[in-house]
Amino acid sequence: MSEAFDAVDVIIAKRDARELSDAQIDWVVDAYTRGAVADEQMSALAMAILLRGMNRREIARWTGAMIASGERMSFTHLGRPTADKHSTGGVGDKITLPLAPLVAACGVAVPQLSGRGLGHTGGTLDKLESIPGWRASLSNVEMLRQLEEVGAVICAAGDGLAPADKKLYALRDVTGTVEAIPLIASSIMSKKIAEGTGALVLDVKVGSGAFMKTVPDARELARTMVELGTDAGVTTVALLTNMQTPLGLTAGNALEVRESLEVLAGGGPPDVVELTLALAREMLAAAGRGDVDPADRLADGSAMDVWRSMVAAQGGDPDADLPRARETHVVLAPAGGVITQLDALAVGVAAWRLGAGRARKEDVVQAGAGVELHVKPGAVVRGGEPLMTLHTDTPERFGRALQALDGSYFIAPEGSRPDLLPLVIERVAAG
Ligand code: URA
């Protein structure tokens with residue numbers, strides 16, 4: 001088949017900071033998906049995009065081309081509005097687990113297509129798979145039935161949704177081109193728009209444990225995604241939230257499920273509760289149900305009821321004991337004082353090295369592995385008190401995890417105040 005363009009011309013255009021035409025974008029995304037543009041050519045183009053950027057029209061067209069590479073779902077026939085949440089990924093970010101059943105308990109259906117973790121940020125599916133029997137893969141028919149009957153579903157995104165992104169994301173991962181804002185925004189939004197949700201709330205993480213290390217970068221990513229969603233007819237709002245320090249007190253699969261259950265039972269760490277409620281309020285407002293207060297549904301147990309149905313509908317046993325790691329190691333405070341820093345990235349890497357995450361797609365994760373924090377920034381500790389407990393089935397991993405944690409926390413003299421960003425830093429909406 002003769003091709004409409006030459007890949008080299010497209011690469012050179014972006015390398016020289018020229019705009020790509022609609023036709024060039026449509027062609028290059030399609031040709032890459034069907035194998036007519038080689039990996040090395042797409043890598044060069046991704047690097048040129050990272051270095052030269054793209055304007056709003058180019059990003060919107062690129063996103064549209066990725067959507068067009070696969071199927072589109074629709075939930076318009078459901079008797080309720082739909083809302084979804086996407087987090088750009090952080091350490092200890094288990095919010096989806098309590099959030100999806102909570103929003104469903106408020107009358108808005110939540111179709112949540114999730115992924116597995118790669119690197120130091122955990123994946124929602126890995127967390128749920130620590131529940132005995134729970135199954136991540138559902139057919140489209142099963143997913144729709146669960147949405148109708150239970151109101152919430154968290155499952156693996158099928159291969160049919162934005163296949164161009166699947167291929168491109170794997171390539172970016174090994175070519176140093178993940179961090180390009182146009183590519184991150186189009187990757188996330190192509191999947192969310194193709195998924196067919198009516199409303200979308202984005203949790204854009206900022207800080208050491210996130211892709212975006214600074215507020216200005218996170219704001220630009222959030223604005224780009226809000227514009228893409230709005231232009232596609234999806235009511236889209238973003239919150240920039242703090243990822244300097246881990247969210248909650250746990251990082252690791254079963255550990256995070258346990259903490260989510262505490263939140264659904266009306267307890268849990270204050271930051272996890274605050275962010276769950278903030279995101280739930282945004283999702284409800286975006287879906288036209290801003291009149292419902294999600295805090296009531298946590299308090300009256302109805303969010304927990306939806307969780308139990310949601311787990312059972314996917315083969316999981318909501319009453320089963322969650323796995324625990326065979327070995328633990330406690331890290332003690334070397335001196336007394338105030339914890340002024342506890343670095344999210346270091347805790348994420350430690351949890352990963354303990355076996356909670358994977359280095360390659362094929363790796364198997366340990367359900368019980370991870371890090372349990374006993375203190376957070378702002379806490380006062382005495383020398384010799386436990387700071388955190390490391391969990392793993394394979395104790396030879398402790399050494400490398402401890403190396404990752406070296407220098408990850410700072411204990412200042414009592415009376416010092418940590419310089420903390422608020423949990424919710426900023427809201428970005430259309431207009
Ligand atoms: N998550 C995605 O789905 N895509 C990216 O590019 C980055 C994070």
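Numbering of ligands and ligand atoms starts at 1, following listing order.
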The answer, listing residues by chain and number that come under 4.0 Å of ligand 1 through any heavy atom, is Y169, R172, I184, S187, I188, K191, F211

Across all chains, not counting sequence neighbours, the ring-ring contact (aromatic ring centres under 6.0 Å, His included) partners of H329 are F398

Before accepting this row, confirm whether a basic side-chain N of the pair D203/K85 lies closer than 4.0 Å to the acidic partner's carboxylate O.
no

Polar side chain donor-acceptor pair, K205 to T241, under 3.5 angstrom:
yes

Using the salt bridge (Lys or Arg N to Asp or Glu O under 4.0 Å) criterion, which residues pair with E262? Sequence neighbours excluded.
none

With a 4.0 Å cut-off on N to O distance, would you call D16 and R52 a salt bridge?
no

If a pair satisfies side chain to side chain donor-acceptor pair (under 3.5 Å) and one of its residues is in residues 35-46, list it, with sequence neighbours excluded.
Y32-D39

